[in-house]
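Remember, predicted model here, so these are calculated numbers, not experimental data. In what follows, chains carry the letters A, B, and so on, assigned in the order in which the sequence lines appear, proteins first and then strands, with residues in each chain numbered from 1. Just so you know, these numbers use all the heavy atoms, side chains as well, and skip hydrogens, waters and symmetry mates.
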2 protein chains.
Amino acid sequence: MSTAQETAGGEIEPWEEVTPDAARRLLVAAVEAFAERGYHATTTRDIASRAGMSPAALYIHYKTKEELLHRISRIGHDRALDILRTAASGEGSPTQRLAEAVSSFVRWHAGRRTTARVVQYELEALGPDARAEILALRRQVDAEVRGVIEEGVASGEFDVLDVQGTTLAVLSLCIDVARWFNVDGPRTPDEVGALYADLVLRMVGAAK
Amino acid sequence: MSTAQETAGGEIEPWEEVTPDAARRLLVAAVEAFAERGYHATTTRDIASRAGMSPAALYIHYKTKEELLHRISRIGHDRALDILRTAASGEGSPTQRLAEAVSSFVRWHAGRRTTARVVQYELEALGPDARAEILALRRQVDAEVRGVIEEGVASGEFDVLDVQGTTLAVLSLCIDVARWFNVDGPRTPDEVGALYADLVLRMVGAAK
DNA sequence: GCTGAAGGTGAGCGCTCGCTTAGAGTGCCA
DNA sequence: TGGCACTCTAAGCGAGCGCTCACCTTCAGC
C-alpha cells in the first residue's frame with residue numbers, strides 16, 4: 001500500500017505529509033489561491049476562508065504568509081525532483097529514460113497544474129534564504145535532465161550541439177505547460193506528455 | 001531614418017509612440033517595476049518615484065494602475081505579433097521562415113526581457129475586457145506560427161503529427177525564454193535565438 | 001499684463017492588508 | 001472533577017495601499 005492517499009481520479013495527493021489536518025487544509029487552500037491570483041494578490045483572509053476558518057487560524061499553523069509559500073514550494077520542488085530522478089535513474093536506454101522523464105514531468109505540470117504554477121512562477125516572492133534553498137533544488141533538476149542527455153550523447157544515441165542549452169530548452173518546454181495547460185481543454189495530461197516526449201526526442205536527434 | 005529611436009546598444013526603443021514624455025517615462029518605469037516584482041507587488045508610489053515624479057502625477061496620464069498595464073500589454077503584444085508576421089510572411093521556404101520567426105521572436109523575449117515578462121506573465125491581472133482584447137492578439141500570434149507549420153507540412157518539408165500541439169510547444173519554448181533569460185548570463189539573445197531555431201526545426205522534422 | 005489650459009505637487013482619505021491579542025471551547029489525563 | 005494543552009474566534013492595531021483634491025507653476029495667445 002502506498003504511503004500517499006489517492007483521489008477518485010487515481011492521482012496522488014501529495015500533501016499527506018502536512019499535519020495536522022487544519023494545516024493541510026490551509027496549505028491546499030493557499031495553493032489554489034496562489035495559483036489563481038498569484039501570491040501577492042492573495043490575502044490571508046482569502047486563504048483562511050477557503051479552508052473554512054477565521055483569518056487568525058492561519059497563524060496558529062504558520063508564522064507568516066510567506067512560510068506557507070515556502071512550504072508549498074519546497075514540497076512541490078521535492079516532488080518534481082523525485083519524478084525526474086525516478087525516470088532518469090531507471091532502466092533502459094538514454095532515449096527511453098529521457099522520454100519517460102519528459103512525459104512524467106509534463107504529466108505532473110499538467111495534472112497538478114495549480115501546484116506547478118505556484119512552484120514555477122512564485123519563486124521570486126520568497127525571501128533571500130528560502131529562495132536560495134529552492135534554487136539549489138532547481139539546479140538538481142537541471143542536473144538530472146542534463147545527465148540523461150550527456151549519456152545519450154556519449155552512447156551516440158543523441159546528436160546535440162549545445163548540451164546545456166538543450167537541457168534548458170527541454171526544461172523550458174515542460175515548465176511552460178503549467179502556464180497554458182487548461183483542464184477543460186482538448187488534451188489530457190497523458191496526451192501532452194506523450195506529444196512532448198516525442199518532440200524532445202526530436203530535439204536531441206534520437207532515432208525514432 | 002527610422003521612426004523608432006535607437007539606444008546606445010542599437011536596440012529599438014519601442015515606446016516612442018507613447019506621448020507626452022512624462023507618460024512615456026511613467027510607462028517605462030512601470031515596465032521595469034512590473035517585470036521585477038510583478039503587477040500586484042508594485043505600488044503606484046514606486047512607479048512614480050522611478051520616473052522621478054510624485055505619486056499623484058501618475059493619475060494625470062493614466063486613469064488607473066491597471067490602465068498602465070493594459071497599455072504596456074497592448075503595445076507589447078502588437079510588437080510581438082509584428083515580429084512574427086514579418087518573419088512568417090517573408091520570402092523563402094517554410095523552413096527558412098519558421099527559423100526566422102523563432103529566432104526573431106526569441107531574440108525579442110531575451111533582449112527585451114522586462115517587457116516580455118510583463119506581456120507574457122501579467123495577463124491575468126487585467127480586467128475582463130482588457131484581457132479579452134489581449135487574448136484575441138494571442139490567438140493571432142498562434143495563427144501565424146501554425147500557418148507556417150501548416151505550409152511546411154503541405155510542401156512536405158515538415159513531418160508533424162499534431163500541428164496544433166506542435167505550434168503550442170514552439171510558442172511555449174519561445175515564451176519561456178522571458179522567464180529564465182539572464183542578461184548577465186553566458187548567452188546573448190542572438191545565440192539563444194539561433195539555438196532555439198535549430199531545435200524547432202528538429203521538432204518539425206525539417207531537413208537540416 | 002492677463003488668462004486659460006496643461007502638467008505638476010503635498011497632504012491625506014477611506015480602505016484593506018498582514019498580523020496580534022484576549023479569551024472561549026474542547027478533549028485528555030491525573 | 002479539575003487543570004492543562006491545544007485549537008480556534010472576534011475584534012482590532014498599525015501600516016501601506018490606490019487614488020483624490022486643493023492648489024501651484026509654466027507658458028502660449030492676445
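Residue pairs meeting the ring pair (Phe, Tyr, Trp, His ring centres under 6.0 Å) criterion with at least one partner in residues 96-130 of chain B, sequence neighbours excluded, are A:Tyr121-B:Tyr121, B:Phe105-B:His109. Counting only residues at least two apart or in different chains, salt bridge (Lys or Arg N to Asp or Glu O under 4.0 Å) contacts with residues 58-67 of chain A are absent.
Evaluation of the salt bridge (charged side-chain N to carboxylate O under 4.0 Å, His left out) rule for A:Glu191 yields no partner, not counting sequence neighbours. By the salt bridge (charged side-chain N to carboxylate O under 4.0 Å, His left out) test, B:Glu124 pairs with A:Arg117, sequence neighbours left out. In this structure A:Pro128 satisfies the side chain to side chain contact (heavy atoms under 4.5 Å, CB included) test with no other residue, sequence neighbours excluded. B:Arg25 meets the side chain to side chain contact (heavy atoms under 4.5 Å, CB included) test with B:Asp21, B:Ala22, B:Ala51, B:Met53; sequence neighbours excluded. B:Arg74 is linked by a salt bridge (charged side-chain N to carboxylate O under 4.0 Å, His left out) to B:Asp78, B:Glu133, counting only residues two or more places apart in sequence or in another chain. Remark: A:Arg131 pairs with no residue by the salt bridge (charged side-chain N to carboxylate O under 4.0 Å, His left out) rule, at least two apart or across chains. Applying the side-chain hydrogen bond (donor to acceptor under 3.5 Å, both in side chains) rule to A:Arg37 yields the partners A:Asp46; only residues at least two apart in sequence or on another chain are considered.
With rounding to whole Å, A:Tyr39 atom OH is found 14 Å from C:dC17 atom P. The nearest whole Å value for the distance from the CG atom in B:Leu58 to the C1' atom in D:dC21 is 16 Å.
Residue A:Tyr59 places at least one side-chain N or O closer than 4.0 Å to OP1 or OP2 of C:dC19. Considering only side-chain N and O atoms, A:Thr44 lies nowhere under 4.0 angstrom from the phosphate OP1 or OP2 of C:dC19.
Computed from C1' positions of five pairs at each end, the angle between the two local axes of the helix from C:dG1-D:dC30 to C:dA30-D:dT1 equals 10°, rounded to 10 degrees.
A salt bridge links B:Asp198 with B:Arg202: the closest approach of a Lys/Arg side-chain nitrogen to an acidic carboxylate oxygen falls below 4.0 angstrom.
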Practice problem: Using a 4.0 Å cut-off on protein heavy atoms (strictly under), produce a 5'-to-3' string for nucleotides 7-15 of chain C with B for base contact, S for backbone-only sugar-phosphate contact, and - for none. | Solution: -BBB-B---
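Of the residues in residues 62-73 of chain A, those placing a heavy atom less than 4.0 Å from an atom of DNA chain C are A:Thr64, A:Lys65, in numerical order.
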